[in-house]
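Encoded as structure tokens, the structure appears first; notes follow it.
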Amino acid sequence: MKNNKILSALTLASALFFVGCANEAPAPKVQKKVQNTNKQEIRHDIQVINASYDGNTTKILAQIEKGFMNNGIEISANNDMNKPFSDAFGETDKQAGKDFVIYRLMPVYHEELSVKLIKDYPKFGLISPISTSVYSKNGDSISISILSLEGMSRISGVPVTNPDLIAYSKLITKSLSDALPNGTHKTLDYKVLRPDGELVTKFTFILPNESGDIEEAMEAYEEQMEGEIESVGFKTPAFTEMEVEGYEFYKTMSICKFDVIYPVHKIHPEAGAFAPCTMYKYKKEGDKFTRMGYPSVYNWIKSTNIFDDYSLEPLIDAQNLLESTIDSTIE
């Protein structure tokens with residue numbers, strides 16, 4: 001098998017993610033207000049490690065990167081969001097970029113395990129790379145949030161008992177421990193009182209391919225789609241291209257939007273475990289359909305128990321906008 005490549009097109013520093021569009025069959029748009037229901041459950045989707053540090057930002061960030069890389073996990077990006085937040089929102093919010101001494105979005109990726117899982121579970125591309133947020137409120141302690149084993153399983157559809165998924169989760173936990181050896185691990189337990197919603201947004205369509213070169217056809221479509229979503233304020237900061245047995249192509253792409261993460265991070269900094277979002281795009285050998293998908297806003301809402309309008313409204317507005325924009329690109 002050839003080596004896989006991670007391709008970075010832009011820095012994530014100007015981005016933040018958002019997700020969620022149309023399903024394979026037409027689905028009603030999400031309403032602006034999300035109403036509570038009587039259904040209640042507990043989510044354990046996000047794990048956080050917290051540790052004290054001496055206030056040396058450069059040193060602690062290098063230590064975190066080393067913890068991942070020493071375990072074979074690549075750092076796709078490590079982007080300081082404070083300055084972009086200040087630049088984008090400083091005129092209307094004097095606190096913009098000052099809520100945290102450190103707030104970074106740092107997607108990470110283990111190539112070998114990702115390809116093994118994608119071969120049988122195409123939706124694993126939803127977390128390839130897997131997102132993390134690195135944050136410090138006051139400069140005395142630092143936290144890293146990332147999906148737990150349960151969260152990885154729920155989003156990707158890989159059974160929680162899958163040996164490769166377990167191995168990946170253990171590798172992440174070890175990386176966190178190596179990065180912050182004196183840290184305290186905690187799995188966040190959120191009592192969720194929310195309506196059901198599709199957690200993965202999917203598109204299935206026949207890709208026009210007049211030339212007979214499927215990869216060339218996909219590149220042409222990607223150029224069109226990226227142009228359309230960027231024209232309405234979304235960013236496509238990073239790309240991953242993998243060679244997976246049984247697939248004509250398999251790619252992932254980050255989709256980001258400032259207006260989403262900025263309000264959410266103030267109250268829910270751990271929500272960076274979903275930002276940026278990763279969208280998969282693939283076509284299997286012998287399948288006439290091209291398939292795309294990415295996590296919907298219900299992952300944010302359910303896994304972090306978001307209920308305030310300040311956080312909810314940008315999520316749902318972005319979902320509706322991205323939904324209609326992507327739909328317009330599919331013939």
Side-chain angles (χ1 to χ4, degrees), residues 4-20 45-49 61-62 64-82 84-85 102-115 117-118 123-135 142-148 151-152 155-156 165 168-169 171-173 175-176 179 200 226 234-242 250-258 260-262 264-265 268-281 293-295 299-300 303-304:
N4 305 321
K5 296 187 294 182
I6 295 182
L7 310 176
S8 293
L10 305 169
T11 62
L12 190 58
S14 65
L16 170 105
F17 145 0
F18 163 61
V19 299
D45 291 341
I46 298 175
Q47 60 176 317
V48 175
I49 184 170
L61 292 176
I64 291 169
E65 287 190 343
K66 184 178 179 181
F68 281 109
M69 294 190 318
N70 282 355
N71 286 284
I73 296 179
E74 301 177 40
I75 310 294
S76 299
N78 186 349
N79 294 278
D80 181 3
M81 302 306 295
N82 281 338
F85 284 163
I102 299 172
Y103 194 82
R104 290 184 172 246
L105 299 178
M106 189 172 67
V108 299
Y109 171 81
H110 192 280
E111 181 177 322
E112 181 180 352
L113 286 171
S114 293
V115 171
L117 286 158
I118 285 168
K123 282 171 52 182
F124 193 75
L126 295 167
I127 51 175
S128 298
I130 186 170
S131 299
T132 77
S133 56
V134 179
Y135 53 96
I142 192 163
S143 300
I144 309 172
S145 71
I146 194 167
L147 292 176
S148 65
M152 293 171 70
I155 291 176
S156 69
L165 187 67
Y168 202 160
S169 182
L171 202 58
I172 287 171
T173 301
S175 299
L176 296 177
V200 179
E226 290 159 26
F234 294 91
K235 304 292 183 181
T236 55
F239 302 84
T240 302
E241 189 170 348
M242 292 171 268
Y250 196 103
K251 302 181 179 185
T252 67
M253 177 179 76
S254 298
I255 302 179
C256 318
K257 202 172 195 298
F258 261 170
V260 177
I261 190 64
Y262 178 68
V264 173
H265 98 289
H268 306 278
E270 71 280 1
F274 297 110
C277 117
T278 302
M279 175 182 187
Y280 64 71
K281 299 170 288 186
Y294 45 93
N299 291 282
W300 297 58
S303 292
T304 61

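Both backbone and side-chain heavy atoms feed into the values below; hydrogens, waters and symmetry mates do not.
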Sub-4.5 Å side-chain heavy-atom contact between S143 and Y135: yes
With rounding to the nearest 0.5 Å, note down the distance linking CZ in R104 to CG in N79. 7.5 Å
Identify the two heavy atoms, one from F258 and one from P84, that lie closest to each other, and give their separation to 0.1 Å. CZ-CB, 3.1 Å
Over all atoms of both residues, closest heavy-atom pair of N82 and D80: N-OD1, 3.0 Å
Measure the CD1-CD1 distance between I172 and I144 for me, rounded to the nearest 0.5 Å. 11.5 Å
Residue pair F274 / H268, side-chain heavy-atom distance below 4.5 Å: no
Using the side-chain contact (heavy atoms from CB on, under 4.5 Å) rule, take I64 and N78 through it: C-alpha gap first, then chi angles, then the decisive distance, then the call. CA-CA 10 Å; I64 291 169; N78 186 349; over 6 Å; no
OH-CG distance between Y168 and L117, expressed to the nearest 0.5 angstrom: 8.5 Å
To the nearest 0.5 Å, tell me how far I46 CD1 sits from L147 CG. 6.5 Å
I'd like to know if the side chain of T173 and the backbone of S169 have a donor-acceptor N/O pair within less than 3.5 Å. yes
Is a donor on one side and an acceptor on the other found under 3.5 Å between the side chain of Y103 and the backbone of F85? no
Closest non-hydrogen atoms of P129 and S76, given as atom of the first, atom of the second and distance, are CB-OG, 3.7 Å
Can you check whether P107's main-chain N or O pairs, donor with acceptor, with T132's side chain at less than 3.5 Å? no
Is a side-chain N or O of H110 found less than 3.5 angstrom from the main chain of L113, in a donor-acceptor match? yes
Can you see which heavy atom on S133 is nearest to which on P269, and at what distance? OG-O, 3.0 Å
Any idea which heavy atoms bring S128 and I118 closest together, and the distance? OG-CD1, 4.2 Å
Just do the side-chain contact (heavy atoms from CB on, under 4.5 Å) check on I75 and Y109 with the steps written out, would you? CA-CA 7 Å; I75 310 294; Y109 171 81; over 6 Å; no
Distance in Å, I130 CD1 paired with M106 CE, rounded so as to fall on 0.5 Å steps: 11.5 Å
Ignoring hydrogens and angles, tell me if any N or O in the side chain of T278 forms a donor-acceptor pair with the backbone of I127 under 3.5 Å. no
N71 (side chain) donor-acceptor with I73 (main chain) under 3.5 angstrom: no
Going from NE2 on H265 to CE on M81, what distance comes out if it is rounded to the nearest 0.5 angstrom? 8.5 Å
Quick one: are M242 and T252 in side-chain contact, heavy atoms under 4.5 Å? yes
Testing the basics here: between L61 and V134, what is the closest heavy-atom pair and its distance to 0.1 Å? CD2-CG1, 4.1 Å
